[in-house]
Undergrad: 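First the structure, then my questions, so here it is.
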Amino acid sequence: MDQDIFSGLSPIQKEIVMCTEGPVLVLAGAGSGKTRVLTHRIAHLVQNLRVPGYNILAITFTNKATNEMVERLEKMLGPDNSVWVYTFHKFCSIILRKHAEKIGFKAGFSIYDDDDSKKLFKRIFKNQGIDYLTEDEVRNEISNAKQKGLTAERYTASIDGINNPEKADLFRKYQEGLLQANAMDYDDLLVNAFELLNNNPDIAEYYKNKFKYIHVDEFQDTNKIQNDITKLIAEKWKNLFVVGDDDQCIYKWRGAEIENILCFDQVYKEAKTFKLQENYRSTPNIITSANNLIKNNSERHEKELVAQRNSGVRVEYLNSFNDLQEAQQITSIIYSLKYNNNYQNSDFAILVREAIAGNAIENRIREAGISYRVLGGYKFYERKEILDVLAYLRLVSNPEDNAAFLRVVNYPKRGMGGAAVDFISGISTEKGISLFEAACIAADLDEVKFRAKAQTIEFVELMRKLISKKNTAIECIIRYILELTCFKEELEKGQTKEEAETRYENILFFEKQAKQFQLKNKDSSLDAFIESVTLAPETKEIESEGCITISTVHAVKGLEFPVVFVAACEEGVFPSQQSINKEEVEEERRVMYVAITRAKDRLYVSNANRRFRYGKDEFHYPSRFISEMKADGSRQAFSEFGGRKFEEERISFSDREDDYGYNGSVEKANECVNAIKQIIHAPSVYNESIEDYKTGKRIKHSRYGEGVIILITGEEDDKVATVEFPDLGIKKFVIKNTPMTLL
DNA sequence: TATGTGTTCTTTTTT
DNA sequence: AGAACACATA
Ligand SMILES: Nc1ncnc2c1ncn2[C@@H]1O[C@H](COP(=O)(O)OP(=O)(O)OP(=O)(O)O)[C@@H](O)[C@H]1O
């Protein structure tokens with residue numbers, strides 16, 4: 001037996017790894033080694049028990065987590081371990097592509113993203129002339145139904161469907177629209193995969209047999225349909241291993257049902273349950289803050305993390321008067337820690353609740369010449385120009401993809417506006433065929449009121465030419481698209497030269513990625529590339545090694561960093577305004593809990609009094625979570641400095657440019673960095689015995705030398721000493737935070 | 001039909 | 001701030 005696998009595991013972790021047969025639940029707090037146990041268990045199965053990799057399935061939640069797991073497994077098992085590691089959606093898509101015909105689809109089906117799905121709803125609403133319901137309302141409801149495993153038919157028959165016949169009707173129409181376009185939305189991948197397996201026992205049998213050992217990471221965030229799929233696949237061998245933490249459930253808004261994990265032992269009666277409380281990741285101060293914070297949630301099962309590490313600096317609180325200063329402070333601290341404490345870029349993460357809050361920081365970091373990557377939020381593939389090119393590719397791969405058709409039919413402009421599309425659309429509904437097929441028919445029709453006939457012929461010709469190139473290298477198809485459509489010229493029309501240039505560069509980058517995809521992947525078909533873009537969109541990473549991470553909290557779930565900044569911790573931002581309005585702050589608190597437990601050594605929690613958001617300056621109070629973290633005697637674990645009082649700030653705010661004392665020149669920026677460096681360098685509190693400082697006493701300041709106190713003003717922690725130095729004259733200091741001693 | 005201009009609305013988190 | 005939409009004009 002390879003003992004290496006067990007080194008670096010605690011006795012209880014080892015016991016869990018050895019427990020390979022039957023259902024197992026590991027319910028444990030952040031940083032307790034759940035993912036580590038999961039990966040080691042797989043290694044144990046493969047190396048010691050000789051289970052072939054293709055009999056093992058590991059499901060993760062986000063693409064980041066998948067990459068992380070694949071990497072860890074490759075380290076232990078080598079690159080050619082054939083273990084299946086996928087997200088739920090990717091896993092379902094693989095199965096569906098194999099057996100699409102069984103449920104009336106073709107293997108090359110498109111995957112509609114949120115935008116495509118919204119637009120389909122919009123079209124349906126327009127056709128039906130519905131104005132008493134909002135699209136978002138219906139879309140949400142339908143998505144929720146799907147996440148509970150309801151198909152349109154079952155929804156129609158359910159209480160909700162009976163009470164809302166018009167919604168049920170829209171649900172059916174929506175699914176018809178998708179089917180006609182040979183497309184599925186994200187939720188459909190799950191629902192259809194489940195239906196496929198449930199209705200075709202022979203197919204299900206194959207997968208049930210194949211996956212002898214099934215693992216699910218972050219199980220607290222599974223929704224009903226995901227739980228059902230897992231249950232179904234695990235039916236035969238019942239070797240289902242799930243790990244999770246109810247305090248880290250942050251996807252309730254996407255249908256996550258915490259009961260899946262809490263009732264696991266009731267569903268699987270023979271399940272073994274393990275709990276881990278030891279945290280191996282973070283310093284005691286960070287753990288204290290995390291425990292203090294999460295205690296404020298009432299709907300939870302008591303559990304306290306116990307730090308296994310035994311030293312560490314305090315958690316730092318940063319307060320800034322606006323978002324720009326916040327960005328500046330964080331940048332300065334990063335400089336300082338790199339310079340003075342030998343941290344690397346990759347050691348840092350700046351986490352935010354909403355992706356836009358990272359913008360100001362991103363700009364400052366870029367100006368400072370630090371390389372970085374951005375996770376979460378606006379993705380590279382969501383840029384308009386990329387989506388446009390992608391839509392051409394989609395139409396080549398699946399000519400029935402109506403969303404793609406509508407996107408490209410008049411882009412670049414070719415004289416096929418609303419009237420032409422309406423005409424084609426009429427043929428499509430009448431004959432029950434896709435828009436592209438309808439366009440092909442329209443091109444041959446002699447209809448007087450169809451003025452765009454010539455243009456339609458041309459468009460159909462263009463698409464046929466592209467489709468004939470379907471099996472050549474993707475980069476060539478993209479080139480061909482750009483050439484035939486005069487894409488570049490169109491880009492140059494609407495906007496400034498610079499904008500057009502960046503956009504074109506983005507497309508060239510996209511082309512490069514397509515090339516790399518084909519070099520890297522076994523299945524290098526166009527279909528596979530398009531799917532990888534919609535299902536596992538990589539961010540445009542400037543560098544993956546040696547760069548700091550700016551990310552949403554959601555996108556770094558399961559990851560860890562030596563130094564973490566949680567920025568924009570303000571009421572209305574983190575917790576979000578919506579959660580406050582709906583009185584659903586507990587999930588936000590769990591998001592914060594996830595954020596701070598990413599930190600290994602150093603944690604900074606930051607808020608800005610003023611923030612530029614949604615086109616205007618907004619004022620926010622510091623997040624309630626900040627005070628919760630340092631509540632009850634943990635003052636020791638938490639220090640504060642900097643910043644002015646909120647109300648004071650509200651009255652006197654000046655010009656944005658000057659706010660962080662820096663107008664764009666590198667010299668000034670560095671001056672600023674140095675100034676703040678001085679502050680952050682020093683421990684925050686120097687003098688506990690403030691009362692001993694009295695007028696007339698002599699002091700020694702660490703930088704200015706000896707002097708005499710000539711005046712004391714202020715109260716308690718804010719007490720200020722005015723000191724006269726023989727050479728330097730008079731200076732004022734906040735006693736508590738000044739590096740000086742009494743003589 | 002294209003294009004310009006003005007208006008209103010929406011602002012979380014991911015697959 | 002930015003998108004998405006609506007309406008008027010070329
Ligand atoms: N027995 C151990 N001894 C030393 N370090 C450990 C041990 N177990 C886990 N660790 C370390 O603790 C950290 C957290 O482990 P891991 O990521 O597996 O935790 P987790 O429970 O999945 O966390 P989270 O729930 O926050 O994602 C890792 O750096 C890991 O290497």
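Convention: sequence-line order gives letters A, B, ...; per-chain numbering from 1.
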Undergrad: Starting from C1' on B/dT15, measure out to CG on A/Asn192 and report it in whole angstrom.
TA: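 In whole Å, B/dT15 C1' lies 15 Å from A/Asn192 CG.
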Undergrad: Would you tabulate the side-chain donor-acceptor contacts of residues 88-98 of chain A under 3.5 Å, counting partners in other chains and residues two or more places apart, or write 'none'?
TA:
residue	atom	partner	partner atom	Å
A/Lys90	NZ	A/Glu531	OE2	2.8
A/Ser93	OG	A/Glu531	OE1	2.7
A/Ser93	OG	A/Glu531	OE2	3.0
A/Arg97	NE	A/Glu531	OE1	2.7
A/Arg97	NH1	A/Ala107	O	2.8
A/Arg97	NH1	A/Phe109	O	2.9
A/Arg97	NH2	A/Phe109	O	3.4
A/Arg97	NH2	A/Glu531	OE1	2.6

Undergrad: What residues form a side chain to side chain donor-acceptor pair (under 3.5 Å) with A/Arg394, not counting sequence neighbours?
TA: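 Applying side chain to side chain donor-acceptor pair (under 3.5 Å) to A/Arg394 gives A/Asp116, A/Asp401.
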Undergrad: For A/Asn398, which residues count as a side chain to side chain donor-acceptor pair (under 3.5 Å) partner, sequence neighbours excluded?
TA: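 Checked A/Asn398 against side chain to side chain donor-acceptor pair (under 3.5 Å); matches are A/Ser110.
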Undergrad: Are the charged groups of A/Arg300 and A/Glu586 less than 4.0 angstrom apart, N to O?
TA: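 No, no charged N to carboxylate O under 4.0 Å.
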Undergrad: Take atom P in C/dA4 and the same atom in B/dT13, then report the distance between them in whole Å.
TA: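 Here C/dA4 and B/dT13 have their P atoms 16 Å from each other.
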Undergrad: Do any pairs count as a salt bridge (charged side-chain N to carboxylate O under 4.0 Å, His left out) and have a residue in residues 221-233 of chain A, sequence neighbours left out, and if so which ones?
TA: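 Residue pairs passing salt bridge (charged side-chain N to carboxylate O under 4.0 Å, His left out), neighbours aside: A/Asp221-A/Lys557, A/Lys224-A/Asp228.
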Undergrad: How does protein reach along nucleotides 7-14 of chain B, written 5' to 3' as B (base within reach of a heavy atom under 4.0 Å), S (only sugar-phosphate), or - (no contact)?
TA: ----BBBB
Undergrad: Would you classify A/Lys90 as touching base, sugar-phosphate or nothing, given that sugar-phosphate means primed atoms plus P, OP1 and OP2, and contacts are heavy atoms under 4.0 Å?
TA: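 Nothing: the residue A/Lys90, judged by heavy atoms under 4.0 Å, touches no strand.
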Undergrad: Who passes side chain to side chain donor-acceptor pair (under 3.5 Å) against A/Asp527, sequence neighbours left out?
TA: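 Per chain and number, A/Asp527 pairs via side chain to side chain donor-acceptor pair (under 3.5 Å) with A/Ser397.
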Undergrad: Can you name the salt bridge (Lys or Arg N to Asp or Glu O under 4.0 Å) partners of A/Glu68, sequence neighbours left out?
TA: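 Expected list: none.
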Undergrad: Would you please indicate yes or no on a ring centroid separation below 6.0 angstrom for A/Phe487 and A/Tyr411?
TA: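 So the answer is yes for these two rings.
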Undergrad: Along DNA chain C, 5' to 3', what are the outermost nucleotides having an atom less than 4.0 Å from a heavy atom of chain A?
TA: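 The contacted stretch runs from C/dA1 to C/dC5.
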Undergrad: Taking only residues two or more places apart in sequence, or in another chain, which ones meet A/Arg598 in a salt bridge (Lys or Arg N to Asp or Glu O under 4.0 Å)?
TA: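 If we apply the salt bridge (Lys or Arg N to Asp or Glu O under 4.0 Å) test to A/Arg598, skipping adjacent residues, there are no hits.
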Undergrad: Mind calculating the distance between OH (A/Tyr186) and P (B/dT15) to the nearest angstrom?
TA: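 Checked: the OH to P distance equals 8 Å.
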Undergrad: Could you check how far CZ of A/Arg414 sits from P of B/dA2, rounded to whole Å?
TA: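 One finds 11 Å between P of B/dA2 and CZ of A/Arg414, rounded.
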Undergrad: Which ones in residues 215-223 of chain A lie close to DNA chain B, meaning a heavy atom under 4.0 Å from one of its atoms?
TA: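 None - not one residue of the stretch has a heavy atom sitting under 4.0 Å from the strand.
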Undergrad: Please name all residues satisfying ring-ring contact (aromatic ring centres under 6.0 Å, His included) with A/Tyr186, sequence neighbours left out, ordered by chain then number.
TA: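 Applying ring-ring contact (aromatic ring centres under 6.0 Å, His included) to A/Tyr186 gives none.
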Undergrad: Can you list the residues that meet the side chain to side chain donor-acceptor pair (under 3.5 Å) rule with A/Tyr207, with sequence neighbours excluded?
TA: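 Testing A/Tyr207 for side chain to side chain donor-acceptor pair (under 3.5 Å), a comparison that skips the adjacent residues, returns A/His99.
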